[in-house]
Amino acid sequence: MVARQLDEQIAAHFPVGRRLRVLDVGLGQGTQALRLARAGHEVTGIESDPAMLDAVREALSHEPAGIRERMRLIEGDGRDTGAHFLPGAFDIVLCHGVLMYVPEPDPMLAALARVLAPGGLLSLLVRNADALALRPGLSGDWAGALAAFDSPTYTNRIGLAARADRRETLTTTLTAIGTPLHTWYGVRVFTDQAADDAKVPDDWDQLLTAEDRAGRTDPYRAVAALLHLCGVRG
């Protein structure tokens, strides 16, 4: 879903065929970074976890030389982008699944906006604080559901302490840093309860179509597990 939404925004904001400068902050396994490098873009990934970085390097080693040449990997913290890059250095900045581990998101978002060129796209994937009670509630964890109404913090599926964000708050922040919200989507409206190791169902195409439509339709997208927010640098 995120890839589909991101491609939609790239097509809407940039000329077809233009080679874009992309920064992926907290690139994790490198899913989006590798995909965009394969599409012809120049991609820089910054990651603080050495093990994750090694995994991306291993995956990258199996790619053709042209793709390897289009990717640059840096070990570091996304909050320190100003120490690595000049203002306006990138056309697209991705920050997917990172803000939930940052106690205070505003300084990091300001740093990301600073390295974004005018007209550039900032893509954020965050845990939705407005729907935080749904996962425990739908699984019958009533104590967890009640606690989620009063706090944006939670424990994720791998046992790590994390934090959710509210769309309204992030909208205010994005405006303040000169990267106002342009478009937003919900991600995992219907499938948040699915196990991480669940098999791909036979009706996969219909599932994706339903998730895609729900992720861009009110009121469904507002209760998605994740929010994909896209801001544009003024």
Side-chain angles (χ1 to χ4, degrees), residues 1-2 5-6 8-10 12-14 20-28 32 44-48 76-134 148-154 156 160-189 215-216 218-219 221-234:
M1 282 298 98
V2 175
Q5 295 159 0
L6 184 59
E8 179 177 276
Q9 291 304 307
I10 290 174
H13 287 91
F14 302 101
L20 301 171
R21 302 163 298 165
V22 180
L23 174 64
D24 191 351
V25 176
L27 78 164
Q32 296 299 333
T44 299
I46 184 167
E47 173 59 56
S48 61
D77 192 308
R79 288 169 288 192
D80 299 327
T81 53
H84 296 286
F85 313 112
L86 293 174
F90 297 97
D91 303 301
I92 299 174
V93 174
L94 311 181
C95 184
H96 294 172
V98 176
L99 286 188
M100 56 267 290
Y101 302 114
V102 178
E104 174 49 59
D106 288 11
M108 183 172 188
L109 291 175
L112 300 185
R114 180 177 177 273
V115 300
L116 198 59
L121 181 68
L122 176 60
S123 172
L124 307 175
L125 187 67
V126 304
R127 188 77 163 92
N128 183 9
D130 290 324
L132 203 55
L134 278 178
F149 284 113
D150 301 316
S151 173
T153 61
Y154 66 102
N156 66 15
L160 296 178
R163 185 190 54 77
D165 287 288
R166 298 191 186 280
R167 178 172 55 88
E168 183 178 2
T169 302
L170 287 178
T171 298
T172 300
T173 298
L174 290 173
T175 299
I177 62 176
T179 314
L181 183 66
H182 175 75
T183 305
W184 68 279
Y185 307 88
V187 178
R188 291 196 344 224
V189 177
R216 60 182 74 236
D218 292 322
R221 61 178 180 165
V223 294
L226 303 169
L227 299 176
H228 183 194
L229 289 78
C230 300
V232 176
R233 184 71 166 161

- Side chain proximity check, H84 to T44, heavy atoms < 4.5 angstrom: no
- Note on the structure: A117 and R233 have their tightest heavy-atom pair at O-CB, 3.4 Å
- Could you check M1 against L226 for side-chain contact (heavy atoms from CB on, under 4.5 Å), going step by step and ending with a plain yes or no? CA-CA 11 Å; M1 282 298 98; L226 303 169; over 6 Å; no
- Message: I'd like to check M108 versus V98 (side-chain heavy atoms, cut-off strictly below 4.5 Å). Are they in contact?
- Response: yes
- Task: Taking all non-hydrogen atoms of both residues into account, name the closest pair between A222 and A131 and its distance.
- Result: O-CB, 4.4 Å
- Around atom CD of E104, are there more than 12 heavy atoms of other residues, nucleotides or ligands at under 6.0 Å? yes
- Message: Donor-acceptor check, side chain of R216 to backbone of R221, threshold 3.5 angstrom: yes or no?
- Response: no
- Message: Rounded at 0.5 Å granularity, tell me how far OG1 in T173 sits from CD in E168.
- Response: 11.0 Å
- Query: With no hydrogens and no angle check, is any side-chain donor or acceptor of R79 less than 3.5 Å from a backbone partner on A111?
  - Reply: no
- Item | Main-chain N/O of G231 paired to T179 side chain as donor or acceptor, under 3.5 Å | no
- Under the side-chain contact (heavy atoms from CB on, under 4.5 Å) criterion, do L170 and L109 qualify, and how do the steps go? CA-CA 9 Å; L170 287 178; L109 291 175; 3.9 Å; yes
- Message: Could you walk me through whether V22 and Q32 satisfy the side-chain contact (heavy atoms from CB on, under 4.5 Å) test, starting with their C-alpha distance in whole Å, then the side-chain angles of each, then the deciding distance to 0.1 Å, before giving a yes or no?
- Response: CA-CA 10 Å; V22 180; Q32 296 299 333; over 6 Å; no
- Out of curiosity, D106 CG to I177 CD1, how far, rounded to the nearest 0.5 Å? 8.0 Å
- Should D165 and L229 count as side-chain neighbours, where that means a heavy-atom distance under 4.5 Å? no
- Task: Output, in order, the C-alpha distance, side-chain angles, deciding distance and verdict of side-chain contact (heavy atoms from CB on, under 4.5 Å) for R127 and Y154.
- Result: CA-CA 10 Å; R127 188 77 163 92; Y154 66 102; 3.4 Å; yes
- L132 and S151 have their tightest heavy-atom pair at CD2-O, 3.5 Å
- Distance-minimising heavy-atom pair for L99 and R163: O-NH2, 2.7 Å
- Out of curiosity, L6 CG to I92 CD1, how far, rounded to the nearest 0.5 Å? 6.0 Å
- Task: Output yes when a side-chain donor or acceptor of N128 lies under 3.5 Å from a complementary backbone atom of A224, and no otherwise.
- Result: yes
- So how far is it from F90 CZ to T81 OG1, rounded to the nearest 0.5 Å? 8.5 Å
- Could you grab the distance from atom NE2 of H182 to atom CG of L122, nearest 0.5 Å is fine? 13.0 Å
- Which heavy atom in C230 sits nearest to a heavy atom in Y185, and how many Å separate them? SG-CE1, 4.3 Å
- Query: Of the options T172, T171, D130, which is the one that meets R166 in a side-chain hydrogen bond (donor to acceptor under 3.5 Å, both in side chains)?
  - Reply: D130
- Item | Interatomic distance, D24 atom CG to C95 atom SG [nearest 0.5 angstrom] | 8.5 Å
- Query: Do you know which two heavy atoms are closest between Y101 and A162, and how far apart they sit?
  - Reply: CE2-CB, 4.0 Å
